[in-house]
Novice: 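Have a look at the structure that comes next, please.
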Amino acid sequence: MFMSEKGFTAVESLVAFWCVVIIAVTLFPMLIQLQNGIRSKEQEVASYKALVEKLEYSTFQGQWGEGEYIEDEESYTVMWSRNSHGRKICVIYYSNKDQVEKKCIEEKPV
């Protein structure tokens, strides 16, 4: 009697399963790294947003103090400083790697 040629053998199924597992294990760390990079960029954009909003508020209101901006449960501290070249506004926040990040915009003399 001849064996039926329908379906897969156990060996073929195991080989296919392990191929899928190897591909998943290879791609998973890259996916996590990509997700962390996206989160980092989102925080950077939010920090610049806080910086610009404080700059606009200070320009129109004439109040040049410090302030705190909260977005998506993240806190961004905005502060002004003055040096020989003019004013400088900086935003300080904690990155998703728990490192302090600082972004600044400096006034250029005319």
Side-chain angles (χ1 to χ4, degrees):
M1 299 197 71
F2 296 104
M3 292 181 57
S4 173
E5 295 182 16
K6 296 180 180 178
F8 297 103
T9 65
V11 174
E12 291 171 325
S13 298
L14 284 175
V15 168
F17 172 76
W18 285 111
C19 286
V20 169
V21 168
I22 289 171
I23 291 171
V25 167
T26 304
L27 293 179
F28 190 70
M30 289 187 290
L31 180 64
I32 297 297
Q33 186 177 10
L34 182 64
Q35 186 178 11
N36 288 339
I38 288 171
R39 177 69 180 135
S40 177
K41 291 298 179 186
E42 285 175 346
Q43 280 185 314
E44 188 175 349
V45 167
S47 72
Y48 280 118
K49 181 180 174 183
L51 198 96
V52 167
E53 285 184 9
K54 182 64 175 175
L55 180 62
E56 288 174 347
Y57 176 81
S58 298
T59 301
F60 293 116
Q61 297 296 324
Q63 298 173 355
W64 305 97
E66 293 185 7
E68 187 174 16
Y69 179 83
I70 298 174
E71 181 177 306
D72 296 331
E73 299 179 7
E74 296 286 336
S75 176
Y76 302 91
T77 304
V78 181
M79 48 186 167
W80 287 91
S81 62
R82 189 177 283 276
N83 58 21
S84 60
H85 302 293
R87 290 183 294 236
K88 179 171 144 181
I89 184 171
C90 296
V91 62
I92 299 170
Y93 64 98
Y94 286 98
S95 69
N96 60 344
K97 300 172 189 168
D98 291 332
Q99 296 175 336
V100 176
E101 298 284 337
K102 184 176 181 180
K103 307 289 182 194
C104 297
I105 298 175
E106 193 168 343
E107 184 178 49
K108 301 283 182 187
V110 258

Novice: Is there a side-chain contact between Val100 and Tyr94, using heavy atoms and a 4.5 Å cut-off?
Specialist: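 Val100 vs Tyr94: side chains touch.
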Novice: For the CD atom of Gln33 and the CG atom of Leu31, what is their distance to the nearest 0.5 Å?
Specialist: 10.5 Å
Novice: Does Gln99 reach the side chain of Glu101, with side-chain heavy atoms less than 4.5 Å apart?
Specialist: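 The answer is yes; the side chains approach within 4.5 Å.
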Novice: Can Arg39 and Glu74 be said to form a salt bridge (charged side-chain N to carboxylate O under 4.0 Å, His left out), step by step?
Specialist: CA-CA 12 Å; Arg39 177 69 180 135; Glu74 296 286 336; 3.0 Å; yes
Novice: Verify, without hydrogens or angle tests, whether Gln43 (side chain) and Ser40 (backbone) share a donor-acceptor contact under 3.5 angstrom.
Specialist: no
Novice: Is the closest side-chain heavy-atom distance between Lys88 and Trp80 below 4.5 Å?
Specialist: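 Lys88 vs Trp80: side chains apart.
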Novice: Same cluster or not: Ile105 versus Val78, using hydrophobic residues (I, L, V, M, F, W, Y) connected whenever any side-chain heavy atoms lie under 4.5 Å apart?
Specialist: yes
Novice: Can you get from Ile92 to Leu51 by hopping between Ile, Leu, Val, Met, Phe, Trp and Tyr side chains that sit under 4.5 Å apart?
Specialist: no
Novice: Assess whether atom CD of Glu12 is packed by more than 12 heavy atoms of other residues, nucleotides or ligands within 6.0 Å.
Specialist: yes
Novice: Measuring only between side-chain heavy atoms, which start at C-beta, is Tyr93 closer than 4.5 Å to Lys102?
Specialist: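 SC-SC contact between Tyr93 and Lys102 ruled out.
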Novice: Do other residues, nucleotides or ligands put more than 12 heavy atoms under 6.0 Å from Gln61 CD?
Specialist: yes
Novice: Under a single-linkage definition using a 4.5 Å side-chain heavy-atom cutoff for Ile, Leu, Val, Met, Phe, Trp and Tyr, are Val25 and Trp18 assigned to the same hydrophobic cluster?
Specialist: yes
Novice: Are Leu27 and Val20 joined in one hydrophobic group, where the rule is that I, L, V, M, F, W and Y side chains link up if heavy atoms are under 4.5 Å apart?
Specialist: no
Novice: Flag the pair Met30 / Phe28 as yes when at least one side-chain heavy-atom distance between them is below 4.5 Å, and no otherwise.
Specialist: no
Novice: Hey, are Ser75 and Glu68 close enough side-chain-wise for a donor-acceptor pair under 3.5 Å?
Specialist: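 There is such a pair between these side chains.
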Novice: Find the distance between SG (Cys90) and NZ (Lys54) and round it off to the nearest 0.5 Å.
Specialist: 13.5 Å
Novice: Keeping Ser47 on the side-chain end and Glu44 on the backbone end, is there a donor-acceptor pair under 3.5 Å?
Specialist: yes
Novice: Answer with yes or no whether the hydrophobic clustering places Val91 together with Tyr69; edges join I, L, V, M, F, W, Y residues whose side-chain heavy atoms lie under 4.5 Å apart.
Specialist: yes
